[in-house]
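Notes follow once the structure below has been shown.
Side chains included, hydrogens not; waters and symmetry mates left out as well; all remaining heavy atoms used. Within every chain, numbering begins at 1; the chains are lettered A, B, ... in the order of the sequence lines, protein sequences first and strands thereafter.
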Number of protein chains: 2
Amino acid sequence: MDDNTGKTHAMRALIELRKRILSGDLPGGTRLFEVPLAEQLEISRTPIREAMSRLAEEGLLDRARNGGFIVRAFGFDDVVDAIELRGVLEGTAARLAAERGAKPDAMARIRSIVETLDDCFGDKPGEVDFERYSEFNAAFHRELAGLSGSDIIRREVERVTRLPFASPSAFLPDNAEIETFRRSLNTAQEQHRAMVTAIAAREGARAEALAREHARIARRNLEYVMVEDRSLIDSLPGLALVMS
Amino acid sequence: MDDNTGKTHAMRALIELRKRILSGDLPGGTRLFEVPLAEQLEISRTPIREAMSRLAEEGLLDRARNGGFIVRAFGFDDVVDAIELRGVLEGTAARLAAERGAKPDAMARIRSIVETLDDCFGDKPGEVDFERYSEFNAAFHRELAGLSGSDIIRREVERVTRLPFASPSAFLPDNAEIETFRRSLNTAQEQHRAMVTAIAAREGARAEALAREHARIARRNLEYVMVEDRSLIDSLPGLALVMS
DNA sequence: TCTTGCGCCCATGTATACATTGCCTCGATC
DNA sequence: GATCGAGGCAATGTATACATGGGCGCAAGA
């Protein structure tokens, strides 16, 4: 995101609007009018426009035909597709890293991240330091995105990842209560390790396949939520803006 | 792009700035200052900002740390990566269309486009209606992007495609003189046909592989230009903004 | 000489008045 | 009754004045 967090009026408007969209306060399809928003946030129209323009870049708003902005509507099909897309792009990042070779220091960094993730698992089965895992899981995916050395790939991976429900951490909620989710962490960590191994061995196809399958964990968790226990929807912040 | 072509000052500024960037008049890394630009284009700063914001969405400008915009710099490595990325995304579009099944009317449309492309080839070898081919080639790729029915996929395919050197028509220059390029058209059209066949037969892996290989034609043409005949660089509009 | 701090200047940030456009409504006419 | 057009309103588009803040240079002191 931006480091300028909250310094200017435009930044505060950006953050506030993003919050409202992500929380579902502004449902998909809602047209955003400059004047009322400016009055609500007690600033002028100019920073509002700036903020909306940035949200359009993020993919949270669409530009309307005759000017103005509309909150982008996401359905569950879109969540599935975005997760699939993340798998494809991370797969490409992994494959290219394998085929072209990753820089030694980047490989060292990602290996160290995998070690740390290992440490998040306690001795007893099912014992996981969730918060730490979540943090270093994000770090793993960030490192993976740039591992091939291609700026274009890194940018596009990070772009998809920015959609909250497509983020690698989307289904790592604060409440680690969900047994199904917790079990998936072992599989996920196996895949992290295997990806790094494949990349180091220059096995591009394997690295790509692993990354795609890795993203499928998110899809399975999504399907669990939708089919088995819809009450969980509310505890997953990334799903708040998704419309039935 | 936008249908609003040139109606407002912001749109005219957008078009003018885009032209300057694509033509290389504004090389990568150039910082764009609002005041001088406003004076040059004889409008105020407001529509300039609007235009620059849209160019950032297009990926032609980057936002600078402390405000302002910088022309994004592309090297030949980036062109290669962007072409690769297009292949990956079109491959995903094709695979999903195969796996999920495409709508009959969309299939009919893309089949009709393939027929038309066939008609572009004359009786004598090497005889091609270039302009018509180029037009319907673009149509094929546009149709392919949406064939799976996924908006997310279609948007992202079209997004990458918007970079001029990554467009499916990037190496279909007006001058059809380049024998190597002309020969590649036969291969390309074979692949178009095969992709449609694979999608209809629900052969996802084959459809994906074909789309990726299809994009490689662009990469080969790029390499031909770079290695065999660098003088051709100037005749390919999409490469003007690429820096050595 | 090096460093530090003050101040100016330039570029973006913001507010606001005014322009423009497109849509909606209401009415009149066919 | 339907359609076309004029008018007004509401929204974005634009210009511009002023605010803010960061960078650079110069100068003064250590």
Side-chain angles (χ1 to χ4, degrees), chain A residues 1-21 25-73, chain B residues 1-21 25-73:
Chain A
M1 306 277 166
D2 262 294
D3 3 323
N4 308 336
T5 312
K7 276 212 274 271
T8 64
H9 286 173
M11 283 302 158
R12 281 193 291 276
L14 172 66
I15 289 165
E16 175 63 23
L17 286 178
R18 189 195 285 130
K19 199 195 80 188
R20 290 190 191 182
I21 294 168
D25 284 350
L26 292 171
T30 306
R31 171 106 184 239
L32 298 185
F33 297 107
E34 296 174 1
V35 177
L37 280 176
E39 284 168 1
Q40 277 177 46
L41 304 183
E42 298 181 287
I43 56 181
S44 78
R45 284 169 52 209
T46 313
I48 295 283
R49 286 164 75 105
E50 169 72 11
M52 291 199 295
S53 165
R54 284 173 183 257
L55 286 168
E57 284 179 54
E58 279 184 37
L60 292 179
L61 295 183
D62 281 333
R63 288 181 190 272
R65 308 146 288 295
N66 286 320
F69 295 85
I70 295 175
V71 180
R72 189 164 162 199
Chain B
M1 307 280 164
D2 263 294
D3 3 321
N4 308 336
T5 312
K7 276 211 276 272
T8 63
H9 286 174
M11 282 304 159
R12 281 193 291 277
L14 172 66
I15 289 164
E16 174 64 21
L17 287 178
R18 190 195 285 129
K19 199 195 80 187
R20 291 190 191 182
I21 294 168
D25 284 351
L26 292 171
T30 306
R31 172 109 184 238
L32 297 185
F33 296 107
E34 295 174 2
V35 177
L37 279 176
E39 284 168 2
Q40 278 177 46
L41 304 183
E42 297 181 287
I43 56 182
S44 78
R45 285 169 51 209
T46 313
I48 295 283
R49 286 163 75 106
E50 168 72 11
M52 292 198 295
S53 164
R54 285 173 182 256
L55 286 168
E57 281 180 56
E58 280 184 36
L60 293 180
L61 295 183
D62 280 333
R63 287 181 190 272
R65 310 146 287 294
N66 286 321
F69 294 86
I70 296 175
V71 179
R72 188 164 163 197

Whole angstrom value for the distance that separates C1' of D:dA11 from CD1 of A:I48: 15 Å
Starting at CZ of A:R18, measure out to CZ of A:R54 and round the result to the nearest 0.5 Å. 9.5 Å
Roughly, in whole Å, what's the span from CZ in B:R65 to P in C:dT12? 12 Å
Heteroatom pairs (N/O) under 3.5 angstrom, protein to nucleotides 13-23 of chain C:
residue: C:dG13; atom: OP2; partner: B:R49; partner atom: NH1; Å: 3.4
residue: C:dG13; atom: OP2; partner: B:R49; partner atom: NH2; Å: 3.2
residue: C:dG13; atom: N7; partner: B:R45; partner atom: NH2; Å: 3.0
residue: C:dG13; atom: O6; partner: B:R45; partner atom: NH1; Å: 3.0
residue: C:dT14; atom: OP1; partner: A:H9; partner atom: N; Å: 2.4
residue: C:dT14; atom: OP2; partner: A:A10; partner atom: N; Å: 3.4
residue: C:dT14; atom: O3'; partner: A:H9; partner atom: ND1; Å: 3.4
residue: C:dA15; atom: OP1; partner: A:H9; partner atom: ND1; Å: 3.4
residue: C:dA15; atom: OP2; partner: A:S44; partner atom: N; Å: 2.6
residue: C:dA15; atom: OP2; partner: A:S44; partner atom: OG; Å: 2.7
residue: C:dA15; atom: O5'; partner: A:S44; partner atom: OG; Å: 3.4
residue: C:dA15; atom: N7; partner: A:T46; partner atom: OG1; Å: 2.8
residue: C:dC23; atom: OP1; partner: A:N66; partner atom: ND2; Å: 3.1

Atom pair distance, as rounded to whole Å: CG in B:L37 and C1' in C:dT12: 13 Å
Would you check if A:E57 and B:R63 make a side-chain contact, meaning some heavy-atom pair closer than 4.5 Å? yes
Could you tell me if the side chain of A:V35 sits less than 4.5 Å from the side chain of A:E39, heavy atoms only? yes
Calculate, to the nearest 0.5 Å, the distance between atoms CZ and CG belonging to B:R72 and B:L26 respectively. 16.0 Å
Side-chain touch B:T30/B:I70, heavy atoms, less than 4.5 angstrom: no
Does the side chain of B:I48 come within less than 4.5 Å of B:I43's, by heavy atoms? yes
Given atom CE of B:M52 and atom P of C:dA11, what is their separation to the nearest angstrom? 12 Å
Please tell me if the side chains of B:L61 and B:I21 come closer than 4.5 Å, counting only heavy atoms from C-beta onward. yes
How far apart are the closest heavy atoms of B:L37 and B:M52, and which atoms are they? CD1-SD, 4.3 Å
Distances for protein N/O vs nucleotides 7-9 of chain D N/O pairs under 3.5 angstrom?
none

